[in-house]
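Submitted below is the structure of interest, expressed as structure tokens.
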Amino acid sequence: MTDQSIAPNFSLRNVNTSRPQVSRTGSRQSIAASDDYYSFSDRSTSSSPDSHLTAMRFETAESHQSSQASSPTVPRAEYLQPQVMPHSDPYHPQPHRPAQQELESSRPGTSSTVRFGADRVARLSPKSDDTVRRIAADYAGPAPTPGLDDSPYVRFAIDQLTRDRAAGVLQRHDSISTNQDFPNDRLVWDQGLGQFTRARTPIRYTPTPPRPGNLTSPSPQALPQRPDSVDPESFLAVGPPEESLQYPPLDYMPLVLQPWALLCLIFCGLLMIAGVVFCNVWSSQHEGLWDYEGQGGDRYFVMQFLPQILAAPIIIWSFVVQAALYRISPFAIMASARPRGSVLQGLSVLPKNFLLPDFSHFRSGELLFGISLFSIWLANFFAIPLLSCLFQAKYYIIEGQGVWRWTSVEAVGWTLVGMYGFLAIGLVLLVVRFIRASTGLMWDPISLADLISIIQRSNILHDYEHSETVPSVKQSLDPRTVRLGYWKLSAKPGSDIFYGIGEVDAPNRTPSLHQTEKMRDLQPQEMTRVRFDLEHSGPFTNDSSDHHLHSPFVRHRWIPWFLRKPSVLIWTTLVFALFVAFVVVSFVHNAIRTGFPPKLPTLPSSTAFSASNFVYSFIPALIGNVLFLALQPIDMYFRAVQPFVELSKGASAEQSLLLAYPYSLPMQVSLQAIINRHFRVAWLSFMSSVSIAIPILAGGVFIALWYPDSRDIRISSLMPAFYALIAFCALYALTFLTIWPARCHFLPHDITTLADLISFLYQSPLLADKLLREPRSKTDLVTRLIVTPPSERTLPMYGFGVYIGRDGKEHLGIDRFHRPGRADMLIMTETTKF
């Protein structure tokens with residue numbers, strides 16, 4: 001044989017195996033990952049030339065001096081992000097292929113293989129780091145290897161390709177490429193269609209500086225430039241079709257926030273202003289208002305108790321207004337022309353503006369909402385204490401005779417005028433904010449079922465991967481500008497219009513609404529069982545950083561600080577100690593019945609201000625008002641957590657998904673809770689409203705009087721009102737015995753924001769449930785949930801626990817307790833010690 005005939009065989013049989021050699025083989029799969037690893041696409045072949053992409057080939061450092069037997073350096077191809085497939089795993093060797101066959105099957109535009117030795121092959125697939133992290137959560141597809149983490153094998157293979165053994169050679173700091181390392185066209189998975197699509201965000205190429213040696217980098221012009229176009233499956237914001245019953249206008253407004261209702265509340269505030277102005281002006285011009293006829297009687301009641309009683313309905317009404325404002329404001333911001341980036345995780349949907357003012361709306365840029373809420377807080381905190389000391393008895397000389405008359409304290413009166421005026425301004429700003437702007441809502445979002453109907457086709461749910469077990473959802477999410485309204489897919493001109501929360505021009509990352517059926521076919525074993533990890537669920541597991549789904553310390557980790565067991569113990573002890581001290585001091589030596597010295601000046605000034613009367617009216621009323629407002633957040637949390645309490649043991653939709661205690665009227669909550677046998681919620685809601693009697697009574701029970709027998713001034717009390725005050729204080733103290741939290745009141749994290757609630761629903765099959773699919777009215781939604789489905793014999797039961805999500809993995813959240821083709825939900829009961 002001649003040398004020419006031997007040379008080709010000689011070069012093939014003497015390949016240097018001391019370092020990787022790149023050869024090219026034809027691929028009969030799509031550009032998705034291999035089916036035996038990710039199972040994203042089927043094994044069908046693709047004849048389209050666009051179905052193959054060239055993977056990047058790395059240049060490895062030379063470990064020794066180059067020789068003639070070494071393979072030549074392979075020129076670099078396009079900068080596409082690599083993904084090493086598990087064919088490089090030594091435990092899964094591939095059948096040996098002859099070298100000649102490898103050479104004959106290679107051609108440009110196909111996937112690449114890298115040979116490590118005799119039989120070890122690693123394949124490169126253009127999958128970015130972002131895609132690797134999100135594929136399992138965002139899109140339909142089973143886990144790479146159930147129960148086994150394959151990432152060490154992937155990292156080992158890539159490290160072998162990218163190990164830096166000489167200076168000036170392209171090196172990798174991460175096991176998986178990122179957009180910053182390789183600024184190429186980013187590829188994203190297209191939800192099970194068997195191919196990758198271009199990402200919508202243009203990624204600009206930054207020229208790589210030249211490296212020493214004979215290695216040269218391609219010029220920027222040689223790299224493919226990404227067209228400035230929108231992803232073909234992105235969300236496109238649209239308006240509702242005109243005069244279409246199927247797509248109602250998105251302008252729903254709660255009753256208490258409608259202009260006429262707010263104007264009624266403003267009118268009540270103006271009536272209070274008018275009454276106080278009249279009293280101030282009349283008493284200064286006519287030497288008082290009314291003759292003083294002694295302690296007790298009709299006039300004493302009118303002057304000492306009626307002003308606070310008139311303020312109480314305004315306070316209760318303002319509670320209802322701010323509750324509606326809290327639940328509407330995030331949606332209204334998302335529907336506005338300038339949505340904010342942290343609305344979902346930055347604004348609470350539960351009222352928080354009680355004992356301390358809430359400035360979260362100022363921080364989010366909503367000035368009108370912030371001013372309105374601050375004006376409401378200011379009126380609620382100071383109205384009753386100031387009104388309790390508005391009128392004082394003053395001694396006048398009229399027609400040569402001395403007489404005691406009720407008069408208005410001017411300083412207190414004008415302060416009240418300014419406070420109620422500021423409240424009126426805040427409510428007017430609400431009217432201005434809502435009079436032309438759209439809320440983006442079809443109906444009032446007061447329950448979990450309403451939220452499900454809004455997010456079921458959202459394209460931002462991938463952000464919430466593993467968020468159900470994090471201590472703080474707010475800290476785990478990046479700000480994202482989202483919109484609430486109607487949408488359609490830009491790639492389908494005739495596609496249906498749908499409603500929900502989404503990101504404009506972002507890819508359609510939403511799994512199919514029929515994904516439940518697909519996943520049942522793809523993963524029958526994974527979909528029919530829920531694992532229980534005894535190692536992470538044992539009674540000795542106390543790692544606070546553990547995010548395991550089955551850990552009882554993750555499931556029952558969080559409760560508001562004021563309801564933690566040490567806090568409840570402190571509050572209960574403090575309230576009972578104050579109550580006992582109050583009773584003992586009041587009745588020892590008949591201190592209240594016979595009066596006690598004021599220790600302060602009592603003689604009224606020219607403006608009718610008396611230091612002793614002001615202190616013994618304002619301070620008791622302020623203390624009582626603090627007690628009243630301190631009970632509101634406790635009551636609100638027990639209202640909000642009650643659906644989760646019911647879901648923790650399995651309940652119907654009427655008892656769980658449709659509960660709306662936080663947004664019901666005060667006494668309406670108590671009646672609904674009694675009917676539903678939620679007696680703790682009923683009692684707390686009742687006391688949170690009734691306890692307003694404490695500041696009303698405390699502000700009018702004491703007054704400074706002249707005692708002729710002892711010829712001195714003492715602070716006297718109206719005994720019937722004082723006995724009533726003791727009775728309400730006793731009920732208030734007993735209420736703190738009912739706030740001791742049970743195990744079912746603990747949750748993995750907070751539930752005050754929309755993001756907190758979405759974290760328990762983002763992978764729930766409820767988002768694709770036929771019962772909840774795109775309802776067009778609240779009546780339609782409620783009817784679907786309270787009526788037995790045609791294909792079932794009983795009403796579905798819903799629970800809060802570990803379930804199989806739409807991605808085929810286990811998640812902690814809300815779903816049907818029993819779903820055909822899937823395992824029953826695993827609910828951790830109270831039998832486990834905490």
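Worth saying up front: this structure is predicted, and the values here are computed from it rather than measured.
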_Side chains of Tyr798 and Leu785 in contact at under 4.5 Å (non-hydrogen atoms)_ = yes
*Between the main-chain N or O of Glu468 and the side-chain N or O of Ser759, is there a donor-acceptor pair closer than 3.5 Å?*
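Flag not set: sc Ser759 to bb Glu468 has no pair under 3.5 Å.
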*Who are the ring pair (Phe, Tyr, Trp, His ring centres under 6.0 Å) partners of Tyr464, not counting sequence neighbours?*
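Once residues adjacent in sequence are excluded, Tyr464 has no partner under the ring pair (Phe, Tyr, Trp, His ring centres under 6.0 Å) criterion.
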*asked:* I'd like to know if the side chain of Ser567 and the backbone of Trp561 have a donor-acceptor N/O pair within less than 3.5 Å.
replied: yes
_From Met442 atom CE to Asp450 atom CG, the distance as rounded to the nearest 0.5 Å_ =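 Met442 atom CE to Asp450 atom CG measures 12.0 Å (nearest 0.5 Å).
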*Is there a donor-acceptor pair closer than 3.5 Å between any side-chain N or O of Asn353 and the backbone N or O of Leu373?*
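Present.
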*asked:* Quick check: Phe235 with Phe498 (ring centres under 6.0 Å apart)?
replied: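 For Phe498 and Phe235, the ring centres are under 6.0 Å apart.
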_For the residue pair Trp683 / Thr735, report whether a side-chain donor-acceptor contact shorter than 3.5 Å exists._
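Yes, Trp683 and Thr735 have a side-chain donor paired with an acceptor closer than 3.5 Å.
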*Between Ile454 and Tyr499, is a side-chain contact (heavy atoms from CB on, under 4.5 Å) present by the stated rule, with each step listed?*
CA-CA 7 Å; Ile454 294 177; Tyr499 169 73; 4.2 Å; yes
*Mind checking whether Leu250 and Leu441 have side chains closer than 4.5 Å, heavy atoms only?*
no
*Between the main-chain N or O of Val669 and the side-chain N or O of Ser664, is there a donor-acceptor pair closer than 3.5 Å?*
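Checked: no pair found.
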*asked:* Check the orientation of Phe362 and Phe359. Use parallel for under 30°, tilted for 30 to 60°, and perpendicular for over 60°.
replied: tilted
*Drop me the distance from Leu812's CG to Ser467's OG, to the nearest 0.5 angstrom.*
10.0 Å
*Determine, step by step, whether Leu563 and Val568 satisfy the side-chain contact (heavy atoms from CB on, under 4.5 Å) criterion, reporting the C-alpha distance in whole Å, the side-chain angles of both residues, the deciding distance to 0.1 Å, and the verdict.*
CA-CA 6 Å; Leu563 285 178; Val568 173; 4.2 Å; yes
*Looking at side-chain heavy atoms only, is the closest gap between Trp260 and Leu255 below 4.5 Å?*
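Yes, side chains in contact.
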*asked:* Is any side-chain heavy atom of Leu767 closer than 4.5 Å to one of Ile452?
replied: yes
*Using distance alone, with no hydrogens and no angle criterion, decide if Arg555 and Ser648 have a side-chain donor and acceptor under 3.5 Å apart.*
yes
*Between atom CE of Met636 and atom OG of Ser685, what is the distance when rounded to the nearest 0.5 Å?*
8.5 Å
*With distance as the sole test, does Arg816 use its side chain to make a donor-acceptor pair with the main-chain N or O of Pro765 at under 3.5 Å?*
no
*Examine distances only and state if a side-chain atom of Trp377 and a backbone atom of Phe354 form a donor-acceptor pair shorter than 3.5 Å.*
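Between the backbone of Phe354 and the side chain of Trp377 there is a qualifying donor-acceptor contact (under 3.5 Å).
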*Could you tell me whether a side-chain N or O of Gln632 sits under 3.5 Å from a main-chain N or O of Phe628, the two making a donor and an acceptor?*
yes
*Are side-chain heavy atoms of Lys649 and Ile827 found at a separation under 4.5 Å?*
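Sidechains of Ile827 and Lys649: no contact.
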*Take the angle between the ring planes of Phe434 and Phe369 and call it parallel below 30°, perpendicular above 60°, tilted in between.*
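Because their plane-to-plane angle lies in the 30° to 60° range, the rings of Phe434 and Phe369 count as tilted.
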*asked:* Would Asp807 and His811 count as a side chain to side chain donor-acceptor pair (under 3.5 Å) here? Give the steps.
replied: CA-CA 10 Å; Asp807 58 355; His811 294 274; 3.0 Å; yes
_Once rounded to the nearest 0.5 Å, what's the spacing between atom CG of Leu826 and atom CZ of Phe817?_
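Reported to 0.5 Å precision, the distance equals 9.0 Å.
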_Sole candidate of Ile814, Leu344, Thr752, Leu451 that passes side-chain contact (heavy atoms from CB on, under 4.5 Å) when paired with Leu757_ =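 Answer to the side-chain contact (heavy atoms from CB on, under 4.5 Å) test with Leu757 among Ile814, Leu344, Thr752, Leu451: Leu451.
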*Heavy-atom neighbours of Glu792 CD exceed 12 at 6.0 Å*: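 Enclosed.
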*Report yes if some heavy atom in the side chain of Glu366 is under 4.5 Å from a heavy atom in the side chain of Ser329; otherwise report no.*
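No - every pair of side-chain heavy atoms lies 4.5 Å or more apart.
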*Hey, does the side chain of Ser670 reach the backbone of Ala682 with a donor-acceptor pair shorter than 3.5 angstrom?*
yes
*asked:* Around atom OH of Tyr663, are there more than 12 heavy atoms from other residues, nucleotides or ligands closer than 6.0 Å?
replied: yes
*Which distance, rounded to the nearest 0.5 Å, do you find between the CG of Leu429 and the CD1 of Ile371?*
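Those atoms lie 5.5 Å apart.
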*How about Val320 and Pro666: do any of their side-chain heavy atoms sit closer than 4.5 Å?*
yes
*Do Thr783 and Asp780 get their side chains close enough for a donor-acceptor pair, meaning under 3.5 Å?*
no
*asked:* A side-chain contact here means heavy atoms from C-beta on lying under 4.5 Å apart; do Met334 and Leu754 qualify?
replied: yes
*From Asn625 CG over to Leu355 CG, what is the distance, rounded to the nearest 0.5 angstrom?*
9.0 Å
